[in-house]
Amino acid sequence: QGNKVGFSSKSNGMLHLERDDLGVANDTFYLDGKAKVIARNEETTSIRGIMPGTFYVSVHLYSKNTVKDFEKNGTPVTVTVLKINPYRQIYSQTKVIKSEGEQIHFYKFTVNERGATSDIVSTDVSVVG
């Protein structure tokens with residue numbers, strides 16, 4: 001349907017950005033009055049229901065506050081597609097993103113009327129922005 005989700009649009013149709021990684025801002029919790037940081041660095045997007053069609057997966061590194069080894073080595077990014085009911089991993093792929101503002105395109109996949117996933121292939125189609 002052309003719907004996109006990301007930091008500027010967290011819900012669109014049946015797509016929902018469940019967790020937007022904001023770095024330390026949403027990695028901090030308090031235990032016994034002391035701030036603790038767990039660098040989770042994870043985002044979660046859900047498709048709430050069976051929506052037949054082709055889905056494209058891209059990642060955009062908006063900003064990176066820590067530079068330790070970043071310029072030299074980049075940051076590995078893993079995208080995993082999971083089916084929830086019944087639970088199973090459909091596909092997972094890791095790529096390296098090297099600079100702020102960079103977009104990397106992972107793959108596209110097709111979902112049929114019964115919710116089955118097929119045709120998982122690499123793509124260079126941008127779905128960012």
Side-chain angles (χ1 to χ4, degrees):
Q1 296 176 329
N3 296 341
K4 297 178 183 181
V5 292
F7 63 90
S8 63
S9 177
K10 295 188 181 3
S11 289
N12 199 342
M14 285 195 208
L15 295 171
H16 302 274
L17 180 59
E18 305 287 345
R19 183 179 196 280
D20 186 6
D21 191 336
L22 303 174
V24 174
N26 60 353
D27 287 346
T28 304
F29 70 98
Y30 292 88
L31 182 63
D32 297 328
K34 295 180 183 175
K36 303 285 182 185
V37 176
I38 297 177
R40 189 167 162 205
N41 300 325
E42 182 177 291
E43 297 198 357
T44 305
T45 301
S46 298
I47 304 169
R48 294 188 182 161
I50 296 174
M51 186 183 333
T54 301
F55 294 82
Y56 292 83
V57 180
S58 295
V59 171
H60 171 237
L61 178 62
Y62 182 74
S63 70
K64 178 121 174 139
N65 294 327
T66 57
V67 252
K68 183 180 172 185
D69 293 329
F70 180 60
E71 288 90 12
K72 186 170 53 172
N73 301 318
T75 298
V77 176
T78 301
V79 173
T80 304
V81 175
L82 302 170
K83 182 165 178 58
I84 300 302
N85 194 7
Y87 181 88
R88 67 183 174 99
Q89 180 174 311
I90 304 293
Y91 192 76
S92 187
Q93 182 181 29
T94 300
K95 292 186 175 187
V96 174
I97 198 161
K98 297 187 178 172
S99 61
E100 281 190 4
E102 183 180 0
Q103 301 174 31
I104 52 177
H105 316 299
F106 278 81
Y107 44 83
K108 67 178 183 171
F109 60 93
T110 302
V111 175
N112 70 18
E113 309 77 35
R114 295 178 316 283
T117 307
S118 64
D119 301 325
I120 302 169
V121 295
S122 293
T123 183
D124 61 357
V125 173
S126 175
V127 293
V128 176

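Only a predicted model underlies this, so the values are computations on that prediction, with no experimental measurement involved.
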Residue pair [X] / [Y]: nearest heavy atoms and the distance that separates them:
X: His60; Y: Gly101; value: CD2-O, 3.5 Å
X: Thr94; Y: Pro76; value: CG2-CB, 4.1 Å
X: Val77; Y: Phe106; value: O-CZ, 3.6 Å
X: Thr28; Y: Ala35; value: CG2-CB, 4.1 Å
X: Ser122; Y: Gln93; value: OG-NE2, 4.4 Å
X: Lys108; Y: Thr54; value: CD-CG2, 4.0 Å

Rounded to the nearest 0.5 Å, how far does [atom2] of [Y] lie from [atom1] of [X]?
X: Lys98; Y: Leu61; atom1: NZ; atom2: CG; result: 13.5 Å
X: Ile97; Y: Thr75; atom1: CD1; atom2: OG1; result: 8.0 Å
X: His105; Y: Lys95; atom1: NE2; atom2: NZ; result: 8.0 Å

Is it the case that more than 12 heavy atoms not belonging to Phe29 sit under 6.0 Å from its CZ atom?
yes
Do Asp32 side-chain atoms and Lys34 backbone N/O form a donor-acceptor pair below 3.5 Å?
no
In the structure I gave you, are the side-chain heavy atoms of Ile50 and Glu113 within less than 4.5 Å of one another anywhere?
no
Do the non-hydrogen side-chain atoms of Ser11 and His16 ever get within less than 4.5 Å of each other?
yes
With Thr110, which residues qualify under side chain to side chain donor-acceptor pair (under 3.5 Å), at least two apart?
none
Under the side-chain contact (heavy atoms from CB on, under 4.5 Å) rule, what do Ser92 and Val79 come out as? Steps first, then yes or no, please.
CA-CA 6 Å; Ser92 187; Val79 173; over 6 Å; no
Are Val59 and Ile90 joined in one hydrophobic group, where the rule is that I, L, V, M, F, W and Y side chains link up if heavy atoms are under 4.5 Å apart?
yes
For Tyr107 and Tyr91, take the angle between the two ring planes, folded into 0 to 90°, and tell me which bin it lands in: parallel under 30, tilted 30 to 60, perpendicular over 60.
perpendicular
Val121, Val81, Thr123 screened by side chain to side chain contact (heavy atoms under 4.5 Å, CB included) with Phe109, the one that passes
Val81
Ring-face cation contact, Tyr30 with Lys36, 6.0 Å cut, 45° max:
no
